Amino acid sequence: MPVSKHDPFNAREIAQIIALGLRIERRRAYGKPTAALERQADRIREKAQEREDARAKDRKK
């Protein structure tokens, strides 16, 4: 269930994305690569959007 009607994320996904964002910024500060963490955050976003799109499609039927 989404946290709000304006975004597709549930509470767990929001917590994961925030934690990943903190890790990304910390790694950037040390000059380390962040691509893997960014891809992980993107996958979470895509999965959430697909789930909410499917729910919206089911509601229209």
Side-chain angles (χ1 to χ4, degrees):
M1 174 178 221
V3 174
S4 73
K5 65 180 181 177
H6 301 289
D7 61 17
F9 307 112
N10 59 32
R12 181 173 189 254
E13 291 164 341
I14 288 175
Q16 285 178 319
I17 290 174
I18 290 171
L20 284 170
L22 292 172
R23 288 178 64 191
I24 288 168
E25 289 305 314
R26 193 175 311 127
R27 288 184 67 87
R28 280 186 185 152
Y30 290 112
K32 294 186 177 184
T34 61
L37 294 173
E38 290 172 1
R39 282 193 304 272
Q40 187 176 355
D42 289 340
R43 282 192 302 268
I44 292 169
R45 287 186 206 111
E46 290 168 1
K47 183 178 167 186
Q49 190 61 53
E50 288 174 4
R51 182 188 63 240
E52 290 305 313
D53 290 346
R55 285 183 182 170
K57 184 179 177 184
D58 288 341
R59 282 186 221 129
K60 289 183 180 180
K61 287 184 179 181

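One is the number of the first residue; the rest follow in order along the sequence. Only a predicted model underlies this, so the values are computations on that prediction, with no experimental measurement involved.
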- Task: Kindly compute the distance separating CZ (Phe9) from CZ (Arg51), expressed to the nearest 0.5 Å.
- Result: 9.0 Å
- Query: At what distance, to the nearest 0.5 angstrom, does NZ of Lys47 lie from CD1 of Ile44?
  - Reply: 8.5 Å
- Check the pair Asp42 / Arg39 against salt bridge (Lys or Arg N to Asp or Glu O under 4.0 Å), numbers first and verdict last. CA-CA 5 Å; Asp42 289 340; Arg39 282 193 304 272; over 6 Å; no
- Do side-chain atoms of Glu13 reach the backbone of Asn10 as a donor and acceptor pair under 3.5 angstrom? yes
- Can you tell me if CZ on Arg28 sees more than 12 non-hydrogen neighbours from other groups inside 6.0 Å? yes
- Query: Just wondering, are more than 12 heavy atoms of other shown residues or ligands nearer than 6.0 Å to CZ in Arg12?
  - Reply: no
- Item | Closest heavy-atom pair and its distance - Ile24, Thr34 | O-CG2, 3.6 Å
- Item | Candidates Glu52, Arg55, Glu50 - the one meeting side-chain contact (heavy atoms from CB on, under 4.5 Å) with Pro8 | Glu52
